[in-house]
Amino acid sequence: GSGGAGSGPGFGAALESLAANPWVPIFALGGQQQVLIVALPPAAAAGAPAPIAPPELIGVLPFPEGLPQCLAFSRDGRTLIASGGRGAKSGRVVGWSVADGRRLFEVGAEDDSILAADLSPDQRTVAFGTTEKRVKVVTIAGDAVHVLKKHTDWVTAVAFSPDGVLLATGDRNGNLSVWESGSGREYQSLAGHTAAITGLAWRDDANVLASSSEDGTLRLWEMQEGKQVKNWAAHGGGALSIAFAHDGRLASSGRDHAVKVW
């Protein structure tokens, strides 16, 4: 997560946020008051064996709002959003065009940093979680759509389903809910995690949700009845992120300093 001279793009402290574009081999890395956009060299993108050249820095997006706590690309890969801010002071969600780095929108006016956010697949609405235990859904113009109030602690993960029909949210107490994005009604309450939800990812068909938690487990949930399909201990000390590949494989990372593919 850190780097120095000669090591490619890097920071003097741990990375707080990272996102991979779903269609092209570029990545967004969050640092103090900026987001770096890096690209894998062609050999790395094609899966060539090590050693390979380091990622190439291709852009810097200013984020004067503070520290980006969460980064997410849109489903089509054309928009990047960052949520974050300054702890106990301010929180915002910002969106940029990936093609040219233009700021497209700024939403949220919170009194604390925004820990999690996602952009709807139609790119008309943004959902974000607050330290006031609420999930807010707003248009990219900043108009309120829903305020979801069930969570009992900081909201730490937010993810729209690929078809935009559902919205999954998780909090620091391990509570996990799925909502109808159109109506704002709760669709499923998913019980099982015993510590903070750290990541949420939808399979491309929107029928399966994956979750990661500080309890060290990864869990899969089907959406017809809200039942748990599978759970397993993945990372000792806590699982920190999870992502679906287009072919259905899962990638996760954890406090055991490992990235694993399932």
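On a predicted model such as this, the values are computed, not experimentally measured, just so you know.
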Is there a path of hydrophobic side-chain contacts, each under 4.5 Å between heavy atoms, that joins Tyr187 and Ile197?
yes

Side-chain heavy-atom pair Val178, Leu190 within 4.5 angstrom cut-off:
yes

Thinking salt bridges, do Glu110 and Lys136 make one under a 4.0 Å N-O criterion?
yes

Taking Val261 as the starting point, is it possible to reach Trp232 by hopping between hydrophobic residues whose side chains are less than 4.5 Å apart?
no

Take Val35 and Leu71 through the side chain to side chain contact (heavy atoms under 4.5 Å, CB included) test and state the conclusion after the steps.
CA-CA 9 Å; Val35 177; Leu71 296 169; 3.9 Å; yes

Would you sort out whether Ser211 and Trp221 count as a side-chain hydrogen bond (donor to acceptor under 3.5 Å, both in side chains), showing the intermediate values?
CA-CA 8 Å; Ser211 55; Trp221 315 84; 2.9 Å; yes

Can you tell me how far apart CZ (Phe73) and CG (Asp76) are? Round to the nearest 0.5 Å.
11.0 Å

Is Cys70 close to Ser17 at the side-chain level, that is, under 4.5 Å between some pair of heavy atoms?
no

Could you see if Leu36 belongs to whatever hydrophobic cluster contains Ile26? Use Ile, Leu, Val, Met, Phe, Trp, Tyr and a side-chain cutoff under 4.5 Å.
no

Rounded distance [0.5 Å steps], CG in Leu209 versus OG in Ser161:
9.5 Å

In Leu80, Leu104, Thr79, the residue satisfying side-chain contact (heavy atoms from CB on, under 4.5 Å) with Ser97 is Leu104

same_hphob_cluster(Val126, Leu148) at 4.5 Å side-chain heavy-atom cutoff
no

Side-chain donor-acceptor pair present, Ser212, Ser252, cut-off under 3.5 Å
no

Nearest non-hydrogen partners of Val93 and Ser83, listed with the distance:
CG2-CB, 3.9 Å

Least distance between heavy atoms, Val94 atom then Glu65 atom
CG2-OE2, 3.8 Å

Check: Val208 and Phe244 side chains under 4.5 Å, non-hydrogen atoms
yes

Within the supplied structure, the quantity of interest is the number of heavy atoms (other residues, nucleotides, ligands) at a distance under 6.0 Å from Lys260 NZ; does it exceed 12?
yes

Check whether Ser213 reaches the backbone of Ala196 with its side chain - one donor and one acceptor, N or O, closer than 3.5 Å.
yes

Please give me the minimum heavy-atom distance between Pro162 and Pro121, naming the atom from each residue.
O-CG, 3.4 Å

Is there a continuous path of hydrophobic side-chain contacts, each under 4.5 Å between heavy atoms, that joins Val158 to Trp202?
no

Looking at CD of Gln123 and CZ of Phe160, how far apart are the two atoms once the value is rounded to the nearest 0.5 Å?
11.5 Å

Checking Glu222 now: which residues fulfil side chain to side chain donor-acceptor pair (under 3.5 Å) with it, not counting sequence neighbours?
none

How far apart are the C-alpha atoms of Ile81 and Trp96, what are their side-chain angles, what is the distance that settles it, and do they pass the side chain to side chain contact (heavy atoms under 4.5 Å, CB included) test?
CA-CA 6 Å; Ile81 68 168; Trp96 296 272; over 6 Å; no

Minimum-distance pair of heavy atoms, taken over all atoms of Leu250 and Ala210
CD2-CB, 3.9 Å

In Å, rounded to the nearest 0.5 Å, how long is the span from CG of Leu119 to OG1 of Thr125?
7.0 Å

OG1 on Thr194 to CG on Asn173, rounded to 0.5 Å
11.0 Å

Will you find, in the side chains of His151 and Arg134, an N or O donor that is under 3.5 Å from an N or O acceptor?
no

Hey, what do you get for NE2 (His146) to OG (Ser181), rounding to the nearest 0.5 Å?
7.0 Å

Within the structure provided, determine whether Glu106 and Ile140 are in side-chain contact (heavy-atom separation under 4.5 Å).
no

Provide the closest heavy-atom pair for Val259 versus Ser253 in the form atom of the first, atom of the second, distance.
CG2-CB, 4.1 Å

Take atom CD of Glu132 as the centre, draw a 6.0 Å sphere, and report whether it contains more than 12 heavy atoms from other residues, nucleotides or ligands.
no

Check for a donor-acceptor pair, side chain of Asp153 on one end and backbone N or O of Arg172 on the other, with a separation under 3.5 Å.
no

Side-chain contact test, heavy atoms from C-beta onward, threshold under 4.5 Å: evaluate it for Val38 versus Leu29 and give yes or no.
yes

Is it true that Trp179 and Thr169 share a donor-acceptor pair across their side chains at a distance under 3.5 Å?
yes

Which is it for Leu167 and Val137 under the side chain to side chain contact (heavy atoms under 4.5 Å, CB included) test, yes or no, and what are the steps along the way?
CA-CA 10 Å; Leu167 174 66; Val137 183; 4.0 Å; yes

Taking the side chain as every heavy atom from C-beta outward, state whether Thr217 and His193 have any atom pair closer than 4.5 Å.
yes

Check step by step if side chain to side chain contact (heavy atoms under 4.5 Å, CB included) holds for Arg124 and Thr139.
CA-CA 6 Å; Arg124 295 180 179 178; Thr139 69; over 6 Å; no

Please identify which of these residues, Thr152, Val135, Leu115, meets the side-chain contact (heavy atoms from CB on, under 4.5 Å) condition with Asp171.
Thr152

Check against salt bridge (Lys or Arg N to Asp or Glu O under 4.0 Å), Arg255 and Glu214
CA-CA 9 Å; Arg255 295 193 182 278; Glu214 287 280 11; 2.7 Å; yes

Could you tell me how the ring of Trp262 sits relative to the ring of His235: parallel (under 30°), tilted (30 to 60°) or perpendicular (over 60°)?
perpendicular

Give a yes or no on whether Lys150 atom NZ has more than 12 heavy-atom contacts from other residues, nucleotides or ligands under 6.0 Å away.
yes

Quick check: do Leu220 and Gln228 have side-chain heavy atoms less than 4.5 Å from each other?
no

How about Trp23 and His246: are their ring centroids closer than 6.0 Å?
yes

For Pro22 and Ser74 the tightest heavy-atom approach is CG-O, 3.6 Å

